[in-house]
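Please read the structure below before turning to the comments.
A, B, ... follow the sequence lines: proteins, then strands. Residue 1 opens every chain.
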Protein chains: 2
Amino acid sequence: MARLMIGDLARRTGTKINTIRFYEEIALMPRATRTDSGRRTYDEDDVRRLGFIRNGRELGFSTDELRSLISLSEQPERDCGAAAAIARNHLADVDARIARLLRLREELQQVATTCEGGRMADCRVIDGIADGGVS
Amino acid sequence: MARLMIGDLARRTGTKINTIRFYEEIALMPRATRTDSGRRTYDEDDVRRLGFIRNGRELGFSTDELRSLISLSEQPERDCGAAAAIARNHLADVDARIARLLRLREELQQVATTCEGGRMADCRVIDGIADGGVS
DNA sequence: ATAGAACCTCCAGTCACTGGAGGATCAAGG
DNA sequence: CCTTGATCCTCCAGTGACTGGAGGTTCTAT
């Protein structure tokens with residue numbers, strides 16, 4: 001069972017070494033076992049856990065959300081509804097952001113096409129974004 | 001011409017007072033004119049500008065992006081083509097953001113809906129995030 | 001024996017705010 | 001005129017999620 005050094009774990013998961021240490025500090029990763037000289041060592045479970053964390057972060061989950069998802073997953077007998085709730089909540093967030101961005105997109109497009117070859121004084125960019133799709 | 005106090009501007013734009021002062025500090029808002037006793041006063045232009053900033057921020061534009069858009073708009077004699085180019089550029093940004101969020105949404109929805117009322121041991125939320133959409 | 005890679009801790013900085021302490025000023029009521 | 005309470009001021013510390021670097025130790029290979 002070759003134990004992994006922090007650099008190996010970093011390469012395996014595409015995570016910076018400092019970030020791994022940071023995750024340990026905020027208890028998102030468990031406290032790593034150490035060699036006699038004090039170096040952190042890891043195993044395949046750690047690779048999976050860190051992989052989960054990285055994916056979760058990329059999907060926009062906060063470290064708090066990930067912490068609760070992880071601790072939930074460590075109680076295999078518990079009901080899964082809480083985990084689903086966290087995901088649904090996050091989904092609602094994403095939906096709202098998409099909706100706002102679509103409105104902005106429309107504004108920007110209008111702005112970009114009606115603003116050809118005039119002077120800035122007549123440029124609708126600022127007003128367009130100032131309205132922010134709250135039209 | 002009743003001048004607005006910082007609290008009025010805050011209410012009008014849904015911005016916290018401290019945030020307005022912070023925007024002044026980082027030169028996103030101009031240095032406010034002051035009363036004799038040192039209180040900041042604002043007018044309708046400031047309301048519009050702050051509205052623009054808030055909308056832009058909510059839509060994911062950095063303060064740097066907002067600053068350049070604003071400074072462009074403050075050169076009324078300049079050719080508007082530059083602004084249109086920047087607007088198109090931002091449009092491309094927004095398109096990319098929307099596309100990314102739509103992909104994210106799809107994954108999240110799968111994750112959130114395939115997990116109804118089981119045990120954590122079988123929870124699809126955890127697996128879904130762990131897979132990170134590499135499905 | 002030694003070079004250099006990889007590790008360690010600790011700390012400062014980033015971005016975009018947010019909150020609070022401690023103090024000044026203003027408008028209204030008594 | 002005085003007091004009360006709201007509003008304002010400056011300054012500073014903290015947040016989340018990292019990132020980077022200084023200064024020092026340990027491991028591995030030649």
Side-chain angles (χ1 to χ4, degrees), chain A residues 2-29 31-43 46 49-70 86 89-90 93 97 100 132, chain B residues 2-29 31-43 46 49-70 93 97 104 129 132:
Chain A
R3 300 233 99 212
L4 304 166
M5 292 284 106
I6 197 169
D8 304 323
L9 181 61
R11 270 183 296 277
R12 292 272 304 268
T13 59
T15 311
K16 302 215 164 138
I17 287 177
N18 276 340
T19 303
I20 297 173
R21 292 198 272 248
F22 170 73
Y23 284 161
E24 180 177 331
E25 204 181 301
I26 64 170
L28 197 49
M29 288 290 283
R31 285 175 63 184
T33 51
R34 304 279 189 131
T35 65
D36 287 353
S37 67
R39 300 192 168 195
R40 292 170 178 84
T41 64
Y42 301 94
D43 61 16
D46 293 311
R49 180 163 179 159
L50 185 51
F52 173 81
I53 291 167
R54 295 307 290 171
N55 280 322
R57 289 289 303 127
E58 250 170 78
L59 293 173
F61 289 92
S62 71
T63 49
D64 267 5
E65 288 172 320
L66 291 175
R67 225 189 319 266
S68 30
L69 282 174
I70 288 170
I86 290 175
N89 224 305
H90 193 59
D93 264 22
R97 257 195 297 161
R100 270 207 305 273
Chain B
R3 299 233 101 211
L4 304 166
M5 292 285 106
I6 198 169
D8 304 323
L9 181 60
R11 270 183 296 276
R12 291 272 304 267
T13 60
T15 311
K16 302 215 164 139
I17 287 177
N18 276 340
T19 302
I20 297 174
R21 293 199 271 248
F22 170 73
Y23 284 162
E24 180 177 331
E25 204 181 301
I26 64 169
L28 197 50
M29 287 291 281
R31 286 175 61 185
T33 52
R34 306 279 188 130
T35 65
D36 287 352
S37 67
R39 299 190 170 196
R40 292 171 179 84
T41 62
Y42 300 95
D43 59 18
D46 293 311
R49 181 164 178 158
L50 185 51
F52 164 79
I53 292 167
R54 292 308 292 171
N55 278 318
R57 286 291 305 126
E58 250 172 79
L59 293 166
F61 291 92
S62 72
T63 49
D64 267 5
E65 288 172 320
L66 261 16
R67 226 189 319 264
S68 53
L69 230 34
I70 289 171
D93 268 14
R97 241 193 296 260
L104 168 60
I129 296 172

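Residue A/Ser37 places none of its side-chain N or O atoms closer than 4.0 Å to OP1 or OP2 of D/dT25. Within the structure, every side-chain polar atom (N or O) of A/Tyr23 is placed at least 4.0 Å from both OP1 and OP2 of D/dA17. Phosphate proximity of D/dC8 to B/Arg40: absent, as no side-chain N or O sits under 4.0 Å from OP1 or OP2. The phosphate of C/dC17 has OP1 or OP2 within less than 4.0 Å of a side-chain N or O from B/Arg54. At D/dG20, one or more side-chain N or O atoms of A/Lys16 fall inside 4.0 Å of OP1 or OP2 (strictly under the cut-off). Distances shorter than 4.0 Å separate none of the side-chain N or O atoms of A/Thr19 from OP1 or OP2 on D/dC18. Contact check, A/Arg39 against D/dT28: no side-chain N or O comes under 4.0 Å of OP1 or OP2. Within the structure, a side-chain polar atom (N or O) of B/Arg57 is placed less than 4.0 Å from OP1 or OP2 of C/dC17. Between B/Arg34 and the phosphate of D/dT10, there is a side-chain N or O to OP1/OP2 separation shorter than 4.0 Å.
For B/Ile26, the side chain to side chain contact (heavy atoms under 4.5 Å, CB included) partners two or more places apart in sequence, or in a different chain, are B/Phe22, B/Tyr23, B/Leu28, B/Thr63, B/Arg67.
Along DNA chain C, the nucleotide closest to A/Thr41 and the one closest to B/Phe22 are compared, and the more 5′ of them pairs with A/Thr41.
Side-chain contact between A/Ile53 and A/Thr13 is absent, with no heavy atoms from C-beta onward closer than 4.5 Å. Residues A/Thr41 and A/Met5 meet the side-chain proximity criterion, which asks for heavy atoms closer than 4.5 Å. Side chains of A/Leu50 and A/Tyr42 form no contact here, defined as non-hydrogen atoms less than 4.5 Å apart. Here the side chains of A/Phe61 and A/Asn55 are not in contact, with every heavy-atom distance at 4.5 Å or above.
Going from atom CD1 of A/Ile17 over to atom P of C/dC10 covers 17 Å, rounded to whole Å. Summarising the geometry, the separation between CG on B/Asn18 and P on D/dC11 is reported as 13 Å, rounded to the nearest angstrom. One atom, CE of A/Met29, and another, C1' of D/dC18, lie 16 Å apart when rounded to the nearest Å. Distance B/Glu25 CD to D/dC9 C1': 14 Å, rounded to the nearest Å. Spacing between atom CZ of B/Arg21 and atom P of D/dT10 amounts to 7 Å, rounded to whole angstrom units. Rounded to whole Å, atom P of C/dC17 lies 12 Å from atom CD1 of B/Ile20. Atom CZ of B/Arg31 is separated from atom P of D/dT10 by 11 Å (rounded to the nearest Å). Note: CG (A/Leu9) to C1' (C/dC7) measures 14 Å, nearest angstrom.
Taking CG of B/Leu9 as the start and CZ of B/Arg40 as the end, the distance is 11.0 Å to the nearest 0.5 Å.
Each end of the helix from C/dA1-D/dT30 to C/dG30-D/dC1 gets its own rotation axis from five pairs of C1' atoms, and the angle between them is 10° to the nearest 10 degrees.
Between the side chain of A/Asp46 and the main chain of A/Asp43, a donor-acceptor pair closer than 3.5 Å is present.
Defined by atom type and a distance below 3.5 Å, a donor-acceptor pair is missing between the side-chain atoms of A/Arg3 and A/Thr35.
Here A/Ile6 lies in heavy-atom contact (under 4.0 Å) with sugar-phosphate atoms only.
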